[in-house]
Amino acid sequence: MARKNFSGSWRGVVGIIKPTYRPGSLEEFIRLLPEGIGVVPKFAGVTEGLEKEFVDAFTLAEKMIAELAAMKVDLIHPEGAPLFVQKGYARSEEIVRELEEKYSIPIVTTGMVLVEAARALGIEKLLVISSYDDGNSGGRLAKYSSYFSDAGFHVPAVEGFPVAFADIGSVSPHEAYAFARKLFLKYPKSDGICLIGSGWRVLDVVPLLEQDLQIPVVGAVAARVWAIQKRLHVGQPVKGRGMLLETMP
């Protein structure tokens, strides 16, 4: 298939695969991207956040990767930490390499984005916070812990905000801030925080936490924008959205 008409996207085009149809994060992501970067979104349709859904979505994601590759986008980003994190750090890296070889296109996952951003900010002791915990998330949170540990971080704790997957969007920025702050005070030797999940509204929380706790904070949407800029050889800082986007390390 010939390349689609992306003439207005003079800095490059990224194809993204979103796990859910939940509004908010796609809009935030596009607003933060520099002018000239185009976005082609696809959706996997996860609704309950169950492990089986993400397993099924993984199969669907490869089909979408093939479709985006056929459009000849410049980069593909499958979103959703559980999509690849559930495979483990080493295996997910292998899968990405296999997909890149198969479709001849660069691919970056959410797990890769978060790990690279935390490393770029010099974080060693990474406090990991998930956007949800419905009371049955022990296995998923344990996989997050092993994923980031295997990536080279010391992980003092992994906790999820006490809300069901379907209700992530109801969590206010102030509630997210208070939860992260409370957890940091419980593990004060942490030198960085990772806020996993695009569904909750934490974009405004990142600079506040960095200001008050004096440590860098990695948020999913901002990290995504940073990593995509880097891969497209763009380096346009974004003010007021936290250390990562302001300094573009």
Side-chain angles (χ1 to χ4, degrees), residues 1-44 60-81 83-84 96-97 99-100 102-121 194-207 216-249:
M1 181 185 294
R3 182 179 173 94
K4 295 289 185 181
N5 183 8
F6 297 139
S7 58
S9 304
W10 43 276
R11 274 174 153 167
V13 178
V14 56
I16 63 170
I17 301 168
K18 299 192 69 65
T20 74
Y21 290 103
R22 185 183 288 123
S25 63
L26 178 60
E27 295 91 327
E28 287 180 339
F29 168 68
I30 291 173
R31 290 187 192 112
L32 286 176
L33 283 175
E35 183 181 355
I37 296 180
V39 178
V40 179
K42 287 184 173 289
F43 302 87
L60 180 58
E62 182 169 358
K63 180 176 180 291
M64 293 179 177
I65 287 171
E67 293 170 353
L68 290 166
M71 294 179 193
K72 304 204 180 295
V73 299
D74 299 294
L75 174 67
I76 297 175
H77 176 46
E79 292 189 24
L83 205 61
F84 282 82
V96 168
R97 288 194 294 270
L99 290 170
E100 287 180 328
K102 182 175 181 179
Y103 296 107
S104 301
I105 194 162
I107 295 171
V108 59
T109 69
T110 292
M112 292 168 66
V113 161
L114 296 175
V115 165
E116 290 174 10
R119 287 174 179 164
L121 290 169
C194 179
L195 299 172
I196 295 182
S198 304
W200 56 347
R201 307 272 61 81
V202 293
L203 201 55
D204 293 335
V205 166
V206 169
V217 177
V218 177
V221 175
R224 183 169 297 129
V225 171
W226 169 82
I228 286 169
Q229 282 206 52
K230 290 294 181 181
R231 280 168 169 78
L232 294 179
H233 303 285
V234 178
Q236 186 169 312
V238 182
K239 296 295 183 183
R241 292 304 185 186
M243 197 180 304
L244 184 69
L245 288 180
E246 287 204 359
T247 63
M248 293 296 293

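FYI, the numbering just counts along the sequence from 1.
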- Message: Would you say that I196 contacts C194 through its side chain, given a criterion of any heavy-atom pair below 4.5 Å between the two side chains?
- Response: yes

- Test item: side-chain donor near acceptor, S25 and K18, under 3.5 Å: yes

- Task: Using atom types as modelled and distance alone, determine if a side-chain donor or acceptor of E246 lies under 3.5 Å from a backbone N or O of G240.
- Result: yes

- Task: For residues L68 and I17, determine if any side-chain heavy atom of one lies less than 4.5 Å from a side-chain heavy atom of the other.
- Result: yes

- Message: Given Q236, which partner from the list E35, Q229, R11 fulfils the side chain to side chain donor-acceptor pair (under 3.5 Å) test?
- Response: R11

- Item | V206 vs R241 side-chain heavy atoms within contact, under 4.5 Å | no

- Message: Determine whether E27 and R31 satisfy the following criterion, salt bridge (charged side-chain N to carboxylate O under 4.0 Å, His left out), listing intermediate values before the conclusion.
- Response: CA-CA 6 Å; E27 295 91 327; R31 290 187 192 112; over 6 Å; no

- Message: Let's go through H77 and T110 carefully: what are the C-alpha distance in whole Å and the side-chain angles of both, what is the deciding distance for side-chain contact (heavy atoms from CB on, under 4.5 Å) to 0.1 Å, and is it a yes or a no?
- Response: CA-CA 8 Å; H77 176 46; T110 292; 3.7 Å; yes

- Query: Minimum heavy-atom separation for V234 to P34, with atom names?
  - Reply: CG1-CG, 4.0 Å

- Task: Have a look at V218 and tell me which of V113, L121, V115, L195 forms a side chain to side chain contact (heavy atoms under 4.5 Å, CB included) with it.
- Result: L121

- Message: Is there a side-chain contact between S198 and E79 in this structure, where contact means two heavy atoms from C-beta onward sitting under 4.5 Å apart?
- Response: yes

- Query: Which heavy-atom pair separates L244 from P249 by the least distance, and what is that distance?
  - Reply: O-CD, 3.3 Å

- Message: With a 4.5 Å cut-off on side-chain heavy atoms, are I16 and L26 touching?
- Response: yes

- For residues E62 and Y103, determine if any side-chain heavy atom of one lies less than 4.5 Å from a side-chain heavy atom of the other. yes

- Using the side-chain contact (heavy atoms from CB on, under 4.5 Å) rule, take V205 and W200 through it: C-alpha gap first, then chi angles, then the decisive distance, then the call. CA-CA 11 Å; V205 166; W200 56 347; over 6 Å; no

- Query: So, for V14 and F29, which heavy atoms are closest and what is the spacing to 0.1 Å?
  - Reply: CG1-CZ, 4.3 Å

- For the student: nearest non-hydrogen atoms of I65 and P78, plus distance: CD1-CG, 4.2 Å

- Query: Less than 4.5 Å apart, any side-chain heavy atom of L203 and any of L32?
  - Reply: yes

- Note on the structure: Smallest heavy-atom separation, E100 atom then I105 atom, equals CG-O, 3.3 Å

- Message: Between the side chains of E116 and K230, is the shortest nitrogen-to-carboxylate-oxygen separation below 4.0 Å, so that they form an ion pair?
- Response: no

- At what distance, to the nearest 0.5 angstrom, does CZ of R224 lie from CD of E28? 10.0 Å

- Message: For S9 versus G38, what's the shortest heavy-atom pair and its separation?
- Response: OG-CA, 3.3 Å

